[in-house]
J.: 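Let me begin by handing over the structure; questions about it come next.
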Amino acid sequence: LALGAKVAIMRRNVATLEKLRAALGRHMPVDSLVCIGCDVTDDSIVGTSVSAITGAFGGLDVAICLAGGVQPEANAIGGRSLQDVTSAAIIEQMRVDFIGAVNVVRRSEAVLKATGQSPCAVLVSSMSSQFPGLGGVHVGYGPAKAATDTFLAGVARDWGTWNARINAVAIGFGIGDQNRHILLTPD
């Protein structure tokens with residue numbers, strides 16, 4: 001930020017987005033920060049958001065997608081059995097963790113390509129895509145992240161032809177409100 005980066009943040013939770021805006025706004029000029037409420041599961045909203053960002057900044061060099069998170073009801077974890085998991089919960093998990101990533105990549109591609117430089121996209125994967133069964137049976141989460149990894153491997157081959165990079169970062173396990181019930185069990 002100190003070097004003049006321009007930052008755009010899209011986030012579904014607008015209250016959290018406002019907190020981020022306030023925190024970042026103390027470290028950078030107001031015209032270098034754009035915050036947009038965006039549900040990445042809605043392709044048209046992602047398209048509108050990317051257009052707003054490019055309108056504000058004249059382009060896009062790096063797209064970072066952090067969408068996702070363990071949805072307990074879509075996974076046999078924390079005392080839930082496979083019989084407790086519904087198809088609707090699995091579909092919602094896939095919408096956020098996989099379809100959300102696809103929408104961000106699809107809607108950013110043309111804008112990134114237009115930079116004429118070496119653009120980059122970074123998406124968050126998970127160790128759950130590589131090591132199934134940690135903390136229970138991930139019916140929705142691990143498979144959604146594995147699908148994202150497979151999708152991004154194909155995109156990387158395609159984007160490499162125009163000198164772009166795409167990375168799926170498989171973050172390790174940390175204790176937070178979202179996964180405390182999975183990682184901290186009596187056993």
Side-chain angles (χ1 to χ4, degrees), residues 1-69 92-129 141 144-172 174 176 178:
L1 299 175
L3 297 176
K6 294 181 179 178
V7 176
I9 301 171
M10 301 184 311
R11 186 171 176 95
R12 182 169 42 181
N13 183 321
V14 177
T16 304
L17 186 63
E18 291 304 319
K19 289 178 186 175
L20 285 168
R21 179 196 314 265
L24 288 173
R26 293 190 297 266
H27 303 284
M28 59 192 308
V30 173
D31 63 343
S32 295
L33 178 62
V34 173
C35 293
I36 300 171
C38 178
D39 179 353
V40 295
T41 66
D42 187 322
D43 183 58
S44 64
I45 291 174
V46 174
T48 300
S49 298
V50 169
S51 293
I53 293 165
T54 58
F57 294 148
L60 182 65
D61 297 320
V62 179
I64 301 171
C65 179
L66 307 176
E92 182 59 22
Q93 180 85 67
M94 292 297 284
R95 282 184 37 170
V96 173
D97 288 83
F98 176 59
I99 300 301
V102 170
N103 288 341
V104 170
V105 169
R106 286 180 57 244
R107 292 304 191 146
S108 300
E109 181 182 49
V111 178
L112 289 168
K113 196 179 246 187
T115 67
Q117 299 177 16
S118 296
C120 179
V122 179
L123 290 92
V124 172
S125 180
S126 171
M127 295 304 293
S128 293
S129 71
Y141 182 71
K145 291 302 187 180
T148 300
D149 291 352
T150 301
F151 166 68
L152 295 178
V155 171
R157 286 190 181 97
D158 180 55
W159 284 21
T161 63
W162 46 279
N163 201 29
R165 295 167 298 161
I166 190 159
N167 299 296
V169 179
I171 296 175
Q178 192 175 44

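No experiment lies behind these values; they were computed from the predicted model shown.
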J.: Does the side chain of R12 reach to within under 4.5 Å of the side chain of V40, using non-hydrogen atoms?
T.: no
J.: Enter the distance from I99:CD1 to D43:CG here, rounded to the nearest 0.5 Å.
T.: 9.5 Å
J.: With a 4.5 Å heavy-atom cut-off, do P119 and W162 have their side chains touching?
T.: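 Yes - at least one pair of side-chain heavy atoms lies under 4.5 Å apart.
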J.: About how many Å separate CZ of R21 and CZ of R11, when rounded to the nearest 0.5 Å?
T.: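 That separation rounds to 13.5 Å.
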J.: For a quick test of reading the model, state the closest non-hydrogen atom pair linking A67 to D97 and the distance between them.
T.: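 Shortest heavy-atom separation between A67 and D97 comes out as O-OD2, 4.2 Å.
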J.: Mind checking whether I45 and C38 have side chains closer than 4.5 Å, heavy atoms only?
T.: yes
J.: Between V50 and R107, which heavy-atom pair has the shortest distance, and what is it?
T.: CG1-O, 3.5 Å
J.: Answer yes or no: is there a donor N or O on one side and an acceptor on the other, between the side chain of T150 and the main chain of A146, under 3.5 Å?
T.: yes
J.: For a quick test of reading the model, state the closest non-hydrogen atom pair linking S44 to D42 and the distance between them.
T.: OG-OD1, 2.7 Å
J.: Considering only heavy atoms from C-beta outward, does the side chain of V105 approach that of W159 to under 4.5 Å?
T.: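 V105 vs W159: side chains touch.
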J.: As a quick check of understanding, evaluate side chain to side chain contact (heavy atoms under 4.5 Å, CB included) for S125 and T148, giving each step before the final call.
T.: CA-CA 7 Å; S125 180; T148 300; 5.7 Å; no
J.: Report the residue from L66, I166, V102 that forms a side chain to side chain contact (heavy atoms under 4.5 Å, CB included) with L123.
T.: I166
J.: Do V7 and H27 have side chains that approach each other closer than 4.5 Å (heavy atoms only, starting at C-beta)?
T.: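 Side-chain contact under 4.5 Å: no.
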J.: Are side-chain N/O atoms of D61 and T115 paired as donor and acceptor at under 3.5 Å?
T.: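 Side-chain D/A pair, D61 to T115: absent.
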J.: Between the main-chain N or O of T41 and the side-chain N or O of D39, is there a donor-acceptor pair closer than 3.5 Å?
T.: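 Between the backbone of T41 and the side chain of D39 there is a qualifying donor-acceptor contact (under 3.5 Å).
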J.: Looking at every heavy atom in both C120 and N167, which two are closest together, and how far apart are they?
T.: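 Shortest heavy-atom separation between C120 and N167 comes out as SG-ND2, 4.0 Å.
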J.: Restricting to non-hydrogen atoms, name the atom on F57 and the atom on V34 that form the minimum distance, rounded to 0.1 Å.
T.: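 Nearest heavy atoms, F57 then V34: CZ-CG2, 3.5 Å.
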J.: Would you say that T48 contacts I36 through its side chain, given a criterion of any heavy-atom pair below 4.5 Å between the two side chains?
T.: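 Result no, sub-4.5 Å side-chain heavy-atom pair not found.
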J.: Taking all atoms of both residues into account, what is the closest heavy-atom pair of S126 and K145, and its distance?
T.: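 Closest approach of S126 to K145, heavy atoms only: CB-CG, 3.8 Å.
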J.: Given side chains that start at C-beta, do those of L24 and I9 come closer than 4.5 Å, heavy atoms only?
T.: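 Yes. Closest side-chain heavy atoms under 4.5 Å.
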J.: Could you tell me if the side chain of S108 sits less than 4.5 Å from the side chain of L60, heavy atoms only?
T.: yes
J.: Report the distance from atom CG of N103 to atom CZ of R95, rounding to the nearest 0.5 Å.
T.: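 Rounded to the nearest 0.5 Å, the CG-CZ separation comes out at 9.5 Å.
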